[in-house]
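In listed order, ligands and their atoms are each counted from 1.
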Amino acid sequence: MEKQLIIAIDGYSSCGKSTFAKAIAKELNYLFIDSGAMYRAVTLYCMRRKFIGFGSLDIYGILDELKDINIDFIYNPDINKHETFLNSENVENEIRSMDVSDHVSRISQIPEVRERMVELQREIGNNKGIVMDGRDIGTVVFPDADIKIFMTASVDIRAQRRFDEMKGKGIDADFEEVKRNIIARDIADENRDISPLKRADDAIILDNSRMTVDEQMEWVKQIIESRRDDS
Ligand code: DC
C-alpha cells in the first residue's frame, strides 16, 4: 500500500490555505483538517459565554470550561464538504464572521487552548493520510510531516479573497475592515510567544498571489511525486 503522507500547510491569514489543502486532500483521498476553524470555534464558544469581549478576557472562565468544548468536522453530503461543529451544533458559517475574526487572535494566544488544540489535531491525524492547514502545523503539531508548505500572498489579494469568501457565504463585510483585520492578525500570529507563525526550516515557500488553484495543484503534485520517489 502507498505510504499515507502527512502534509502540513502553514501561512498567513487568507492565503487560500484551506482551498489549496482541500484540493490536495480530494486529489489524494485524504482527510482535510482546517485547524483555524478549531481556534475559531473555541473563540465563538468564549464569546457566547462572555469570556471575551472588546477589552475583556475571563481567563479563569475559559480554562474552567475548556474541557467542555468539543469540536468535530462532520461530512455534509448535500454540499460534499465537511463542516465545523461546536458541541454538536453546526457553526461553519458563524465562525467566519467578523466578530469571531476580531477575537480569535487573543484566544489562540492562550497556552492551554493551544495545548488542547494540538492534542486534538494530533489525535485526528494519527496514522492517516492527512492535509492540515494552520500556522504551526509544520513547526509544532507535525514537525515530522512528510511535506511542509509555507504559503504567502500580498495583503490586498488576501483581503479580497476573504471578502469574497464572506460575501459568498452571505456574511456582511466591509473590504477595508477585512483588510485591517488581516494585517492585525498577521502581526498577532507572528509575534505571539507560543507557536508564532514562522516557516519551518524544511518548508517550501509558495507565493500564490498570481497563481490559480489549478497551477498550485500542478506545482504540489510534482512535489508529492518526488517525495514518494525518495521514500
Ligand atoms: O486560518 P484562519 O484565518 O481561519 O485562522 C483563524 C485564527 O486562528 C488565526 O488568526 C490564528 C489562529 N490559528 C492559530 O493560531 N494556529 C493555527 N494552527 C491555526 C489558526
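For the pair Asp186 and Arg158, the salt-bridge criterion is met [side-chain N within less than 4.0 Å of a carboxylate O]. Remark: Lys221 engages Glu218 in a salt bridge, criterion side-chain N to carboxylate O under 4.0 Å.
The single protein non-hydrogen atom nearest to atom 12 (C) of ligand 1 is Ser108 OG, 3.7 Å, given as residue, atom name and distance. Protein heavy atom nearest atom 18 (N) of ligand 1, with residue, atom name and distance: Asp136 OD1, 2.8 Å. In this structure, atom 9 (C) of ligand 1 lies nearest to the protein heavy atom Arg135 NH2, 3.3 Å. Looking at atom 11 (C) of ligand 1, its nearest protein heavy atom turns out to be Asp189 OD1, 3.3 Å. Atom 19 (C) of ligand 1 has as its closest protein heavy atom Ser35 OG, 3.4 Å.
Contact annotation: for Arg192 versus ligand 1, heavy atoms closer than 4.0 Å belong to the side chain alone. By the criterion of a heavy-atom distance under 4.0 Å, the side chain of Arg40, and not its backbone, is placed next to ligand 1. Proximity of Asp133 to ligand 1, defined as any heavy-atom pair under 4.0 Å, is not found for any part of the residue. Contacts with ligand 1 closer than 4.0 Å are made by side-chain heavy atoms of Arg185 only, the backbone lying farther away. Contacts between Arg162 and ligand 1 below 4.0 angstrom, taking non-hydrogen atoms only, involve the side chain exclusively.
Classified by interplanar angle (parallel below 30°, tilted 30° to 60°, perpendicular above 60°), the ring pair Phe51/Tyr45 is tilted.
Taking any N or O of Arg114, backbone or side chain, at least one lies under 3.5 Å from an N or O belonging to ligand 1. By the 3.5 Å distance cut-off applied to N or O atoms, Tyr39 is not counted among the residues near ligand 1. Residue-to-ligand polar distances keep Arg96 apart from ligand 1: every N/O pair is separated by 3.5 Å or more.
If you take CZ on Arg40 and OG on Ser97, they are separated by 8.0 Å, rounding to the nearest 0.5 Å.
Within 6.0 Å of CG in Asp193 there are 12 or fewer heavy atoms belonging to other residues, nucleotides or ligands.
Other members of the cluster containing Val155 are Ile183, Ile187, with ILVMFWY side chains joined at under 4.5 Å, either directly or via other members.
Every atom of ligand 1 with a heavy atom of Val104 under 4.0 Å away is listed here by number and element: 7 (C), 8 (O), 10 (O).
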